[in-house]
Amino acid sequence: IIFVHGFTGHPQETWTQKKATNASQKSECVFWPRDLLQHTVPNSRIFTYGYDSHIKHRFTGHLNNSTVYDIAGDFLVSLEANRRQDPSRHVLFIAHSLGGIVVKETLRRSNQAPHIGLRKVCESTVGIVFFGTPHSGADPRNILHRVAEKLFKAVGIRVNEQIVNTLVPSSERLRELRDEFIPMALEREWTIHSFQEQYGLRLLGG
């Protein structure tokens with residue numbers, strides 16, 4: 001079972017719920033993959049995958065210009081390396097937001113890979129759970145955000161245009177991925193559940 005976070009997410013914090021206690025005690029944290037899921041599915045191997053999903057970077061430091069294609073490629077190689085002892089073991093993905101697009105791109109690349117180890121990831125997948133994944137695109141640069149983006153740049157915050165351009169609803173690559181993913185999912189009979197937020201997020205065009 002593999003958890004993949006989304007925009008500005010974190011491989012642990014995204015899946016962690018802080019339980020408030022009284023003022024005299026520290027808050028308790030429940031890390032879903034570790035504290036709950038292992039009891040529900042006791043014989044499973046559970047992973048979380050992390051990547052730089054921030055579209056803004058402040059002041060100094062290297063700006064990550066990785067595309068979703070790049071992130072998916074790194075993810076696929078990492079998965080293959082961690083599954084070499086049992087490459088046929090079933091895989092279930094749990095993905096949030098941008099993580100769902102990364103998972104879809106990873107499976108597309110796995111399905112077309114010439115290397116049998118990389119193909120095994122797709123062949124062994126049994127299901128995907130999507131949480132708030134923008135399958136049809138989400139515009140991180142809507143009118144309000146474009147104004148904010150200009151302010152960001154004015155104070156030295158740089159924007160990863162690669163991720164932004166991939167996710168706009170008019171993105172050709174996103175449309176191609178959607179068109180390729182559906183037949184692949186039907187052919188392989190994956191179990192797919194998709195959950196969406198009831199209220200939109202301004203930053204994502206909701």
Trainee: Got V91 and V126 here, is their nearest side-chain heavy-atom distance under 4.5 Å?
Mentor: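 Contact flag for V91/V126 side chains = no.
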Trainee: To the nearest 0.5 Å, tell me how far N43 CG sits from Q38 CD.
Mentor: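 If I round to the nearest 0.5 Å, the distance is 11.5 Å.
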Trainee: Check side-chain hydrogen bond (donor to acceptor under 3.5 Å, both in side chains) between S88 and all other residues, then give those that pass, not counting sequence neighbours.
Mentor: K120
Trainee: Hey, do the aromatic rings of F130 and H135 have their centres closer than 6.0 Å?
Mentor: yes
Trainee: Using 30° and 60° as the class limits, which term best fits the ring planes of F3 and W32: parallel, tilted or perpendicular?
Mentor: perpendicular
Trainee: Same cluster for V103 and V129 if Ile/Leu/Val/Met/Phe/Trp/Tyr side chains link at under 4.5 Å?
Mentor: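 V103 does not cluster with V129.
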Trainee: Flag yes if V68 and I182 sit in one hydrophobic cluster, no otherwise; membership is Ile, Leu, Val, Met, Phe, Trp, Tyr, and two members link when side-chain heavy atoms are under 4.5 Å apart.
Mentor: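 No; tracing contacts between hydrophobic side chains, which count when under 4.5 Å, never links both residues.
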Trainee: Taking all non-hydrogen atoms of both residues into account, name the closest pair between C29 and T16 and its distance.
Mentor: CB-CG2, 3.8 Å
Trainee: Establish whether I46 and V30 are linked, either directly or via other cluster members, by ILVMFWY side-chain heavy-atom contacts under 4.5 Å.
Mentor: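 Yes; V30 is reachable from I46 via cluster members.
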Trainee: Could you tell me whether a side-chain N or O of S110 sits under 3.5 Å from a main-chain N or O of C122, the two making a donor and an acceptor?
Mentor: yes
Trainee: Which value, rounded to the nearest 0.5 Å, describes the distance between H96 atom NE2 and L98 atom CG?
Mentor: 10.0 Å
Trainee: List the residues meeting side-chain contact (heavy atoms from CB on, under 4.5 Å) with H39, not counting sequence neighbours, and say none if there are none.
Mentor: none
Trainee: Tell me whether I94 shares a hydrophobic cluster with V121, the cluster being built from Ile, Leu, Val, Met, Phe, Trp, Tyr side chains joined at under 4.5 Å.
Mentor: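 I94 and V121: separate clusters.
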Trainee: Mind checking what makes side-chain hydrogen bond (donor to acceptor under 3.5 Å, both in side chains) contact with S124, not counting sequence neighbours?
Mentor: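 Expected list: R83.
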Trainee: For H90, enumerate each residue passing the side-chain hydrogen bond (donor to acceptor under 3.5 Å, both in side chains) test, keeping only those at least two apart in sequence or located in another chain.
Mentor: none
Trainee: Determine the minimum heavy-atom distance between I71 and Y49, stating which atoms define it.
Mentor: O-OH, 4.1 Å
Trainee: Which atom names give the shortest non-hydrogen contact between L118 and A113, and what distance separates them?
Mentor: CB-CB, 3.6 Å
Trainee: In the structure I gave you, are the side-chain heavy atoms of R119 and R109 within less than 4.5 Å of one another anywhere?
Mentor: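 No. Closest side-chain heavy atoms not under 4.5 Å.
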Trainee: Taking side-chain hydrogen bond (donor to acceptor under 3.5 Å, both in side chains) as the definition, give me every residue that meets it alongside R34, ordered by chain and number, with sequence neighbours left out.
Mentor: none
Trainee: By the salt bridge (charged side-chain N to carboxylate O under 4.0 Å, His left out) test, which pairs, at least two apart or in different chains, include something from residues 92-106?
Mentor: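 Those involving residues 92-106 are E105-R108, E105-R173.
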Trainee: Minimum heavy-atom separation for S97 to G6, with atom names?
Mentor: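 Here S97 and G6 meet closest at CB-CA, 3.9 Å.
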Trainee: Quick one: are E123 and P87 in side-chain contact, heavy atoms under 4.5 Å?
Mentor: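 Sidechains of P87 and E123: no contact.
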Trainee: Indicate yes or no: at least one non-hydrogen side-chain atom of I2 is less than 4.5 angstrom from one of L79.
Mentor: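 Contact flag for I2/L79 side chains = yes.
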Trainee: Run the side-chain contact (heavy atoms from CB on, under 4.5 Å) test against N82 and tell me which residues pass, sequence neighbours left out.
Mentor: F47, S78
Trainee: With rounding to the nearest 0.5 angstrom, report the CG to OH distance, D74 to Y69.
Mentor: 11.0 Å
Trainee: Give the other cluster members for I116, using side-chain heavy-atom distances under 4.5 Å between Ile, Leu, Val, Met, Phe, Trp and Tyr residues; answer none if it is isolated.
Mentor: none
Trainee: A side-chain contact here means heavy atoms from C-beta on lying under 4.5 Å apart; do I128 and L92 qualify?
Mentor: no
Trainee: With a cut-off of 3.5 Å and sequence neighbours excluded, list every side-chain donor-acceptor pair involving residues 184-192.
Mentor:
unit_1	atom_1	unit_2	atom_2	d
R188	NH2	N111	OD1	2.8
W190	NE1	T125	O	2.9

Trainee: Look at the side-chain heavy atoms of Ile, Leu, Val, Met, Phe, Trp and Tyr, link any pair under 4.5 Å apart, and say whether W15 and F75 land in one connected group.
Mentor: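 Shared cluster, no.
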Trainee: Please check this pair: side chain of T14 against backbone of G9, looking for a donor-acceptor N/O pair closer than 3.5 Å.
Mentor: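 Answer holds: no.
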Trainee: Does any part of the side chain of T48, heavy atoms only, come nearer than 4.5 Å to the side chain of F31, both counted from C-beta?
Mentor: yes
Trainee: Mind checking what makes side-chain contact (heavy atoms from CB on, under 4.5 Å) contact with V77, not counting sequence neighbours?
Mentor: none
Trainee: Hey, are the side chains of H5 and Y51 touching, using non-hydrogen atoms and a 4.5 Å cut-off?
Mentor: yes
Trainee: Using 0.5 Å steps for rounding, measure from the OG atom of S44 to the CD1 atom of I1.
Mentor: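 If I round to the nearest 0.5 Å, the distance is 4.0 Å.
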Trainee: With a 4.5 Å heavy-atom cut-off, do R89 and R45 have their side chains touching?
Mentor: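 A side-chain contact exists here, since the closest heavy-atom pair is under 4.5 Å.
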